[in-house]
Asker: 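I'd like to ask some things about the structure below.
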Amino acid sequence: MKVLQESKKIYDRIEIPEELSQVVEDSIQRMEEQRKAGRQADNKKQDENSRQAGTVHSMKDRKKKSAIKKVVVRTLSTAAALLICFSIGLNSNQAFAMGMSELPFVGPLARVLTIRSYEESNEETGINVAVEVPAVEAENTQSKENSQPSVAIDVNARIEEIVQQHLAKAEKDFADYKEAFFATGGTEEEWAGRTMDVVVDYQIKYQDDARVSFVLYLTEAWVASYQEEYYYNLDLAENQELTLEDILGADWINIANDSIFGQMEQRMEENEDYVYWGSEKDDDGIDMGGFTTVDRNTTFYINEAGNPVVTFPKYEIAPGFMGVQEFEIQK
């Protein structure tokens, strides 16, 4: 479903040149004029019966004109369908994607793609794995020696390392849990059927010819569910990772803080169960933490409107039932 949604976005951005419609109409008009000229010449040599026959020809001409338009529509529809198929193939087949990425026109389309996708279940360990590993692909606009911008190479390497660490950690976590289970009196019968689901996935939040924003999700689900998110915001034309300052300007801290505090107040007014922890201490003198200000380590992604959306993990600034907290900052 994710691949189809991303492909649909690409499809929706396709612009059919305005000149194309005029070219089609001009061609049809020229064909009409040629037919009319031919009919006029024939009419001089024909009697009333031939004029009636000309009426039949005119009806056929209108049908031909309609048929031509239908062909054009079908042609454009086919072209759009092929583009969708191209996008799906690019994001679902590593060999296809790597081969097509060498073509110059692929750059604006193939920003983030799946380089590894698999599912497997290990009955011996009880671990079920579902993996979708993303990678950034783009032409290097600053160097002819390497077709891939250094920021893309760096991010891809970091993603690969993070994924491998996540898979290894999940396997160790489940092995440690199993060992502790039996050490505390658990039986084989009680253990039977216990499994762990390990997931690696990602979601593209924004992309255009120069910029891309996506989130990498790492999940462990067994006794409880555990998830981590990694946010990547890249300007491939400038070969850099984007910051809130790059998007919001020099006064980015005040702009973001004012927006976040304002949205917090609005949410608490609209839902009496919502609460955001402040920097003050509770009755027992325990620092409740909570949000105080954004900084250069604050995570965010870019939404479809091009605005940064600041994110806070579950429990960081609010009770767990409120989940991950997101705040869109208007530019």
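No experiment lies behind these values; they were computed from the predicted model shown.
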Asker: Please check if the side chain of S259 supplies one atom and the backbone of A256 the other of a donor-acceptor pair under 3.5 Å.
Answerer: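 Answer holds: no.
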Asker: Assess the side chains of Y206 and D208: does a donor N or O sit below 3.5 Å from an acceptor N or O?
Answerer: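 Judged by distance alone, the side chains do pair up.
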Asker: Verify whether one side chain among N254 and N257 offers a donor that lies under 3.5 Å from an acceptor in the other.
Answerer: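 No.
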Asker: For salt bridge (Lys or Arg N to Asp or Glu O under 4.0 Å), just list the numbers for E228 and K169, CA-CA rounded to whole Å, side-chain angles, deciding distance to a tenth of an Å, and then say yes or no.
Answerer: CA-CA 13 Å; E228 286 185 294; K169 178 181 179 299; over 6 Å; no
Asker: Run the salt-bridge test on R116 and E132 with the 4.0 Å N-O cut-off and return the result as yes or no.
Answerer: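 E132 and R116: not salt-bridged.
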Asker: Partners of Q227 by side-chain contact (heavy atoms from CB on, under 4.5 Å), sequence neighbours excluded?
Answerer: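 Q227 satisfies side-chain contact (heavy atoms from CB on, under 4.5 Å) with Y217, T219, E229 only.
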Asker: Answer with yes or no whether the hydrophobic clustering places F327 together with V309; edges join I, L, V, M, F, W, Y residues whose side-chain heavy atoms lie under 4.5 Å apart.
Answerer: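 Looking at the clustering, V309 is in a separate group from F327.
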Asker: Can you see which heavy atom on A318 is nearest to which on V275, and at what distance?
Answerer: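 The answer is CB-O, 3.5 Å.
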Asker: How would you list, by chain and number, every residue that makes a side-chain contact (heavy atoms from CB on, under 4.5 Å) with Q266, sequence neighbours excluded?
Answerer: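 Only E270 meet the side-chain contact (heavy atoms from CB on, under 4.5 Å) criterion with Q266.
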Asker: I'd like to check the ring-ring contact (aromatic ring centres under 6.0 Å, His included) partners of Y232; sequence neighbours left out, ordered by chain and number.
Answerer: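 For Y232, the residues satisfying ring-ring contact (aromatic ring centres under 6.0 Å, His included) (neighbours in sequence not counted) are F214.
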Asker: My understanding is that only residues two or more places apart in sequence, or in another chain, count here; which of them pass side-chain contact (heavy atoms from CB on, under 4.5 Å) with K314?
Answerer: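 Residues passing side-chain contact (heavy atoms from CB on, under 4.5 Å) with K314: none at all.
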Asker: Do the side-chain N and O atoms of Y274 and E269 include a donor-acceptor pair separated by under 3.5 angstrom?
Answerer: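 On atom types as modelled, these side chains do not qualify, holding no pair under 3.5 Å.
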Asker: Does R194 have any side-chain hydrogen bond (donor to acceptor under 3.5 Å, both in side chains) partners at least two apart in sequence or in another chain, and if so, which?
Answerer: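 side-chain hydrogen bond (donor to acceptor under 3.5 Å, both in side chains) check on R194 returns Y177.
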Asker: Would you call E241 and R158 a salt bridge, using N to O less than 4.0 angstrom?
Answerer: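 Salt bridge between E241 and R158, a charged N being under 4.0 Å from a carboxylate O: yes.
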Asker: With no hydrogens and no angle check, just 3.5 Å: does a side-chain donor-acceptor pair link T299 and Y230?
Answerer: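 The criterion, which ignores hydrogens and geometry beyond distance, is not satisfied for Y230 and T299.
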Asker: With T187, which residues qualify under side-chain contact (heavy atoms from CB on, under 4.5 Å), at least two apart?
Answerer: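 Residues passing side-chain contact (heavy atoms from CB on, under 4.5 Å) with T187: E189, E190.
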Asker: Could you check whether any side-chain heavy atom of I159 comes within less than 4.5 Å of a side-chain heavy atom of V163, counting everything from C-beta outward?
Answerer: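 Side chain of I159 against side chain of V163, heavy atoms only: contact under 4.5 Å found.
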Asker: Check for a donor-acceptor pair, side chain of Q263 on one end and backbone N or O of E328 on the other, with a separation under 3.5 Å.
Answerer: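 Pair found, side chain donor or acceptor close to backbone of E328.
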Asker: Would a hydrophobic clustering, with Ile, Leu, Val, Met, Phe, Trp and Tyr connected at side-chain separations under 4.5 Å, put L167 with V133?
Answerer: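 L167 and V133: one cluster.
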Asker: Test W191 against F174 for ring-ring contact (aromatic ring centres under 6.0 Å, His included), laying out the working first.
Answerer: CA-CA 12 Å; W191 177 261; F174 201 53; 5.5 Å; yes
Asker: Does a donor on one side chain sit under 3.5 Å from an acceptor on the other, for Q330 and N307?
Answerer: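 The answer is yes; a qualifying pair exists.
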Asker: What I'd like to find out is whether the side chain of K205 reaches to under 4.5 Å of the side chain of N303, using heavy atoms alone.
Answerer: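 No, their side chains stay 4.5 Å or more apart.
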Asker: Could you verify whether a donor N or O on one side chain and an acceptor N or O on the other, from Y276 and Q325, lie under 3.5 Å apart?
Answerer: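 A donor-acceptor contact under 3.5 Å links the two side chains.
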